[in-house]
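These numbers come from the heavy atoms of this one structure, side chains and all, not from hydrogens, waters or symmetry mates. Everything quoted here is computed from the prediction, not taken from an experiment.
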Amino acid sequence: MAFWSAENATKAYLSTLKTDQRTKEPNVAEFISALAAGNNARKIAVACAGAANADILVALIAAANETRGQVVCVLRGIEELIISKKMLEPSEIHQIRFVVGESSDNILISDHFGEADFVLVDCNLENHQDIVRKIVNHHDENARTGGVAVVVGYNAFSRGSWRFSDGRKTQFLPIGGGLLVTRVNDNGNYNQKMMMMNKNNHHHDRVRKSHWVVKVDKCTGEEHVFRVRVPRGEAIIEA
C-alpha cells in the first residue's frame with residue numbers, strides 16, 4: 001500500500017455497484033470497496049461477529065480484483081461459515097479464503113490480520129477493541145518490514161471510538177452503520193483522498209432519500225452514473 005489510486009477506487013466502487021444486486025442503491029459496502037482499492041490493498045482481511053455480510057464480501061472481492069490482491073474472511077464457527085457461503089455465488093466463494101477461529105487469537109493476528117494492509121473488523125464483536133489493538137501493535141512492531149495499513153471498524157454506531165494510549169488518531173465516518181478508520185505506520189498523516197470521499201458521500205444530515213441510476217448510452221456504450229437526491233421534497237440529480 002504505497003499510494004492512493006483514484007482509478008482503482010473508482011473502478012472498485014462501480015464494479016461493486018454493478019455486481020451487487022442485493023440492494024438497489026449504494027451503501028457502506030461500496031465505500032469500503034473504494035477505500036480498500038484506492039489504498040492499493042493487496043491482502044484484505046475481515047473479522048466477522050457472526051455470519052459474514054455478503055454485500056461487504058462482494059465489495060472486498062471487487063477491490064481485490066483491482067489490486068490483484070486476496071481476501072481472507074475469519075468466522076467464529078462452522079455454522080457461520082455455512083451460512084456465509086449460502087449467501088454468496090459459487091464464483092464469489094472461490095475468491096475468498098475462509099478461516100474458522102477466534103479473531104483475537106494471536107496466531108490469526110500474526111498470520112492474517114497482522115500481514116494484511118487493509119483490515120475490516122465488525123464492531124459487534126464483544127472484544128473488537130482488543131482485536132484492533134493487537135492488530136495495530138503487530139503492525140507497529142513490524143513497521144520496518146511492513147507498509148502503511150488501514151484498519152476499519154464497521155457497525156460502529158453507538159459503540160464508541162477506539163482509544164490508543166499513544167494518542168493515535170481514529171477517524172469516525174457516519175456512513176452506513178458507522179465506520180472507524182485508523183491508519184498504521186503513516187506517521188499520523190491521514191490520506192486526504194479518503195477525507196474527500198467521506199465529504200462526497202456524507203449526506204446524512206441533509207438528505208432524506210437518494211437513488212442511484214445507471215444509464216448506458218446506446219450509441220457509445222458508455223455508462224453514466226447519477227445520484228437522485230430528494231431533500232425536503234425537491235429532486236436534485238447529480239452526475
Side-chain angles (χ1 to χ4, degrees), residues 1 28-29 32-33 35-36 39 41-65 67-143 145-156 159-164 168 170 176-185:
M1 186 186 292
V28 67
I32 290 173
S33 180
L35 186 59
N39 278 287
R42 299 298 299 274
K43 183 171 183 179
I44 303 170
V46 54
C48 305
N53 182 307
D55 292 342
I56 288 179
L57 288 185
V58 170
L60 296 180
I61 290 173
N65 287 341
T67 64
R68 296 183 180 180
Q70 58 178 315
V71 178
V72 176
C73 177
V74 178
L75 299 162
R76 303 182 69 179
I78 298 298
E79 182 178 354
E80 288 82 359
L81 174 62
I82 294 173
I83 295 174
S84 299
K85 287 187 174 182
K86 284 183 178 180
M87 293 188 295
L88 298 170
E89 298 293 332
S91 59
E92 296 168 344
I93 294 174
H94 293 310
Q95 297 182 69
I96 302 172
R97 180 182 178 185
F98 290 97
V99 177
V100 175
E102 291 294 335
S103 297
S104 59
D105 183 85
N106 290 332
I107 296 179
L108 291 183
I109 294 291
S110 177
D111 292 349
H112 299 296
F113 300 119
E115 297 298 321
D117 43 15
F118 189 90
V119 181
L120 202 58
V121 178
D122 190 345
C123 291
N124 285 325
L125 284 163
E126 290 185 12
N127 56 341
H128 71 275
Q129 292 189 9
D130 291 334
I131 295 172
V132 170
R133 288 191 182 95
K134 285 185 177 182
I135 295 171
V136 170
N137 289 339
H138 186 279
H139 277 280
D140 283 341
E141 292 170 359
N142 296 275
T145 57
V148 176
V150 176
V151 181
V152 180
Y154 65 103
N155 293 326
R159 288 286 179 174
S161 181
W162 300 329
R163 289 184 174 86
F164 297 95
R168 189 189 308 274
T170 292
L179 299 175
L180 291 170
V181 182
T182 300
R183 293 178 64 82
V184 187
N185 298 340

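Closest of all the heavy-atom pairs between I44 and A64 is CD1-N, 4.2 Å. What you find for C48 and L125 is that their closest heavy atoms are O-CD2, 3.7 Å. For the residue pair F113 and S103, the shortest heavy atom distance occurs at CE1-O, 3.6 Å. When every heavy atom of A45 is checked against every heavy atom of A116, the shortest pair comes out as CB-CB, 4.0 Å. Considering every non-hydrogen atom in both A51 and I83, the closest pair reads CB-CG2, 3.6 Å. Scanning both residues, K43 and D117, for their nearest heavy atoms gives O-OD1, 2.8 Å.
Counting heavy atoms from C-beta outward, N124 and H128 have side chains that stay 4.5 Å or more apart. By the 4.5 Å heavy-atom criterion applied to side chains, K134 and N106 are counted as neighbours. Counting heavy atoms from C-beta outward, V58 and E92 have side chains that approach closer than 4.5 Å. The shortest side-chain heavy-atom distance between V46 and N53 does not fall under the 4.5 Å cut-off. Contact of the I56 side chain with the Y154 side chain is registered, since non-hydrogen atoms from C-beta on lie closer than 4.5 Å. Between E102 and N127, the closest side-chain pair of non-hydrogen atoms is not below 4.5 Å. In this structure the side chain of D111 never reaches within 4.5 angstrom of the side chain of V99, judged on heavy atoms.
Results of the side chain to side chain contact (heavy atoms under 4.5 Å, CB included) test with V100 over V74, L108, I78 single out I78 as the only residue that passes.
Between the side chain of E80 and the backbone N or O of G77, at least one donor-acceptor pair lies under 3.5 Å. Looking only at distances, a side-chain donor or acceptor of S84 sits under 3.5 Å from a matching main-chain atom of A52.
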